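Single-structure report; data block below.
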Protein chains: 2
Amino acid sequence: MTQLLLVEDDATIVRTLTVTLGAHGYRVEAVGAGSEAIERARSGQDEVLLVDLGLPDIDGIDVVRAVRMTSTVPILVLSARDGRDAKVAALDAGADDYVTKPFDMSELLARLRAALRRARPAAAASVVRAGDLVIDRQARRVERAGRLVHLSPTEWNLLDVLVRTPGSLVTQREILREVWGPQYFDETNYLRVYVAQLRRKLEDRPSQPRHLLTDPGVGYRFEP
Amino acid sequence: MTQLLLVEDDATIVRTLTVTLGAHGYRVEAVGAGSEAIERARSGQDEVLLVDLGLPDIDGIDVVRAVRMTSTVPILVLSARDGRDAKVAALDAGADDYVTKPFDMSELLARLRAALRRARPAAAASVVRAGDLVIDRQARRVERAGRLVHLSPTEWNLLDVLVRTPGSLVTQREILREVWGPQYFDETNYLRVYVAQLRRKLEDRPSQPRHLLTDPGVGYRFEP
DNA sequence: GGGAATCTTGACGTCTCCTTGACGCCGCGC
DNA sequence: GCGCGGCGTCAAGGAGACGTCAAGATTCCC
């Protein structure tokens with residue numbers, strides 16, 4: 001269920017969208033005035049905003065601008081105006097997308113998915129936790145017990161391959177191909193050396209690893 | 001200057017867009033085939049992709065999907081097809097936006113701005129503290145132990161790029177692009193010189209830095 | 001036009017990282 | 001009991017990246 005705030009004063013459109021979006025996994029909350037919308041957006045309970053430009057009190061573009069002052073929530077603007085200037089103004093005010101009425105519902109849904117897809121990883125970043133380890137793939141950062149751990153490029157690439165699929169086995173061949181290149185497929189020496197280095201840096205007792213596990217003869221896995 | 005990869009096989013459109021986008025602050029690199037695009041996107045040197053759907057070798061949607069496997073770079077799809085299905089397919093494959101040809105240039109520019117605004121790291125707090133350092137990004141002001149530290153323009157720009165995402169690694173390429181411009185991507189000399197200058201001004205023991213850290217062969221990070 | 005600040009460039013010593021080989025341990029099959 | 005293969009560990013060497021310094025070159029401001 002995705003919480004969506006609809007800012008729209010036309011009761012017919014509100015009804016249509018509430019039903020249709022509701023059928024596609026959205027919980028729709030509707031407000032009719034821009035001032036209400038700004039206040040409610042501040043509470044941060046909505047994951048995405050759908051803003052109509054034709055509001056009774058405030059211009060929709062000002063709503064977008066006001067919300068953007070305090071929030072990075074995705075905003076889609078709906079409008080009957082197909083004018084170039086309105087689009088540019090809305091997008092530059094901070095809107096993420098602009099859909100012209102009459103709009104196609106499957107397109108609107110696709111654009112909502114796209115906006116949410118972008119917004120979500122940013123909020124719940126691609127961070128993997130395991131015991132006292134924090135691995136932030138985006139920031140290329142590894143912490144152990146709150147302290148930054150320095151990894152060499154190869155060490156990081158190896159860890160990244162394993163962490164990408166937590167808990168599941170990655171074959172030696174696959175690791176070698178990803179980290180060193182396809183022609184290194186039989187250099188299992190490298191794996192032994194670098195896995196050992198990672199364990200020394202990341203495990204409490206490198207000789208009895210809890211996170212970087214060996215499947216003898218097959219490959220390695222990262223266990224959270 | 002923003003580095004943009006244009007994936008388009010029609011030479012006329014390439015020429016038009018290169019000129020027009022170039023006049024608006026984009027450095028346009030064009031490739032005509034999808035396979036080229038996928039390979040080049042992997043290098044991570046482009047800040048945004050503009051993909052045409054009608055390519056000679058691979059379907060543009062597959063290009064989008066392939067790039068999305070390895071990258072979160074913003075992708076705008078250009079297409080002559082106005083069909084609902086094509087839009088939905090492209091957006092669900094990972095495109096950030098879909099613009100129908102013939103498109104209005106000012107709208108395309110606005111959509112590019114919107115996509116880039118989202119992609120750029122959510123501006124960290126305007127004031128960042130680390131030890132006895134106080135860095136006010138908005139005021140362009142740096143204090144160390146309560147005393148104002150003077151930075152040259154380049155020194156400031158470099159520090160700003162690193163402080164914008166505290167704790168996360170910034171690649172050499174990215175720093176050079178942001179501070180000196182895309183064509184300086186291999187002038188790592190500059191980095192060494194300016195990082196050293198910053199350390200001399202900001203670190204207690206420049207030879208054992210605590211905040212401006214090196215990841216040899218990869219980049220630098222600001223550690224609070 | 002002159003001086004100061006800033007940027008660019010090159011050289012050199014130092015350090016990190018990747019690679020490689022040797023050795024010991026363990027489990028398994030003979 | 002013994003040999004064998006796979007794994008973990010260690011350390012050395014060389015290539016390349018980095019830190020440092022200082023001398024031009026350039027820009028900017030007065």
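In what follows, every chain begins at residue 1, and chains take the letters A, B, ... in the order their sequences are listed. Quick caveat, the model's predicted, so the values are computed rather than measured.
- The side chain of B:R199 lies closest to D:dG19, out of C:dC7, D:dG19, D:dG8.
- The number of heavy atoms from other shown groups lying within 6.0 Å of CD (A:E39) does not exceed 12.
- The OH atom of A:Y190 sits 17 Å away from the C1' atom of D:dC7 (whole-angstrom rounding).
- The distance between atom CH2 of A:W180 and atom P of C:dC17, rounded to the nearest whole Å, is 14 Å.
- If you check every strand for non-hydrogen atoms under 4.0 Å, A:V195 touches nothing.
- The shortest distance between the side-chain N/O atoms of A:T154 and the OP1/OP2 oxygens of C:dC18 is below 4.0 Å.
- When the nearest nucleotides of DNA chain C are assigned to B:P216 and B:E155 by heavy-atom distance, the more 5′-ward of the two goes with B:E155.
- For the pair A:L213 and A:R199, the minimum side-chain heavy-atom distance is 4.5 Å or more.
- The nearest whole Å value for the distance from the CD atom in B:Q197 to the C1' atom in D:dG19 is 12 Å.
- Looking at heavy-atom distances under 4.0 Å, B:T188 makes no contact with the nucleic acid at all.
- Remark: P of D:dG8 and CG of A:L158 are 12 Å apart, rounded to the nearest angstrom.
- Contact of the A:N189 side chain with the A:Y194 side chain is not registered, since no non-hydrogen atoms from C-beta on lie closer than 4.5 Å.
- Counting to the nearest Å, the C1' atom of D:dG5 and the CD atom of A:Q172 are 13 Å from each other.
- Looking at heavy atoms from C-beta onward, B:E203 lies in side-chain contact with B:L212 at the 4.5 angstrom threshold.
- The side chain of B:H150 contributes no N or O atom lying less than 4.0 Å from OP1 or OP2 of C:dA4.
- Between A:I175 atom CD1 and D:dC7 atom P the separation is 11 Å, expressed in whole Å.
- The B:V193 side chain lies nearest to D:dC21 when the options are C:dC17, D:dC21, D:dC10.
- Whole-Å rounding puts the B:N189 CG to D:dT20 P distance at 14 Å.
- Between the side chains of B:T171 and B:R177, no donor N or O sits under 3.5 Å from an acceptor N or O.
- At a threshold of 4.0 angstrom between heavy atoms, the contacts of A:Y220 are confined to the sugar-phosphate backbone, with no base atom among them.
- As a whole-Å value, the separation of A:R192 CZ from D:dA11 C1' is 16 Å.
- When the side-chain nitrogen and oxygen atoms of B:S152 are compared with OP1 and OP2 of C:dC7, one or more of them lie within a distance under 4.0 Å.
- Toward the 5' end of DNA chain C, the nearer of the two residues A:E187 and A:L151, judged by each one's closest nucleotide, is A:L151.
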